[in-house]
Amino acid sequence: MIELKGKPVADFIYQQITSELQSWKSSGWSLPHLAVILVGADPASQVYVQHKQKACEKLGFKSSLVQLAENITEKDLTEKIKQLNSDSSIDGILMQLPLPTHLDAKKFSDLIAKEKDADALTSSSLGLLVTGQQIIASCTPFGIIEMLDFYKLNVAKKNVLVIGRSLIVGLPLFHLLTQKNATVTLAHSQTVDLKSRLKEFDFVFVAIGKPEYFKPTDFKKDAVVIDVGIHRLENGLVGDVSSAGAAEHLSAFTPVPGGVGPTTIALLMRNTFKLAEKNRKFAT
Ligand code: GUN
């Protein structure tokens with residue numbers, strides 16, 4: 001079985017960005033700049049945001065953290081996003097999710113200017129993805145596609161299953177896999193009797209958000225299983241799929257932690273870089 005570790009994939013992407021930054025620097029352009037909005041003080045979000053800032057630092061990008069109070073009003077958040085949209089020194093904006101419950105994530109994500117949508121979560125970015133015109137895509141699904149390429153796992157003509165239809169993972173992944181010529185089935189919380197159908201699929205992408213909901217033998221023998229879930233249980237971090245027996249039953253499997261996770265921030269950096277490149281070219 002191949003253990004699909006994310007770190008080598010992320011390192012490969014960081015190397016690509018670093019080498020492209022060499023010619024960037026000689027062009028005299030200012031360095032890419034990512035602004036991260038954090039509303040409230042959710043501990044997990046704080047950690048994720050710190051990792052994003054560290055990645056910027058490591059590459060030499062500029063980063064700004066915009067920390068806003070948990071009880072911010074809709075009006076004030078709208079104002080803040082508009083202000084960042086019109087700040088010409090900023091290339092990419094990411095609003096860390098989840099937002100506090102009084103704020104509608106879809107509505108506020110959609111206020112981010114499409115030229116600065118580093119997370120590719122606006123209706124505009126999702127529309128470009130559906131029509132195959134995207135230059136960036138949501139970081140987790142984009143990282144998964146990079147991982148497939150890196151480990152030379154070809155989904156073309158394969159029956160593949162995506163479990164979960166979120167705007168941040170399942171839905172964009174459905175489109176990216178379709179662009180790779182896979183035959184894609186999208187299952188979700190209303191799918192009837194999902195477990196009985198799992199053995200039909202060569203590749204399964206699991207983003208169901210329930211700790212160890214599946215076990216490796218639920219899938220076809222020698223299937224490739226990509227687990228997007230990460231949950232903190234008393235005995236440590238686990239995915240949506242339990243790992244016991246994966247080596248014997250599957251041909252490739254993502255460890256949790258250390259699988260999909262490390263690719264996500266690398267893709268955020270690449271998205272920011274691509275937006276910055278487009279913005280600089282547009283401005284000259
Ligand atoms: N929360 C967890 N993952 C993500 C992500 O990829 N983007 C944003 N904006 N929020 C998240």
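Here, residue 1 is the first one in the sequence, and each next residue gets the next number. In this text, all values refer to a predicted model and were calculated from it rather than measured experimentally. One-based numbering, in listed order, for ligands and for the atoms of each. Just so it is clear, the values below take in all heavy atoms, side chains as well, and ignore hydrogens, waters and symmetry mates.
Residues passing the ring pair (Phe, Tyr, Trp, His ring centres under 6.0 Å) test with F214, sequence neighbours excluded: F219.
With 3.5 Å as the limit, one finds no donor-acceptor pair spanning the side chains of S63 and H33. Counting only N and O atoms by type, the side chains of T122 and D117 include a donor and acceptor under 3.5 Å apart.
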- Can you list the steps and then say if S23 with S26 is a side chain to side chain donor-acceptor pair (under 3.5 Å)? CA-CA 5 Å; S23 50; S26 57; 5.6 Å; no
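Taking a heavy-atom cut-off of under 4.0 Å, ligand 1 is surrounded by L94, M95, Q96, L97, D119, I168.
Side-chain contact between L129 and Q179 is present, with heavy atoms from C-beta onward closer than 4.5 Å. Contact annotation: the side chain of V39 approaches that of L77 to within less than 4.5 Å [non-hydrogen atoms, C-beta and beyond].
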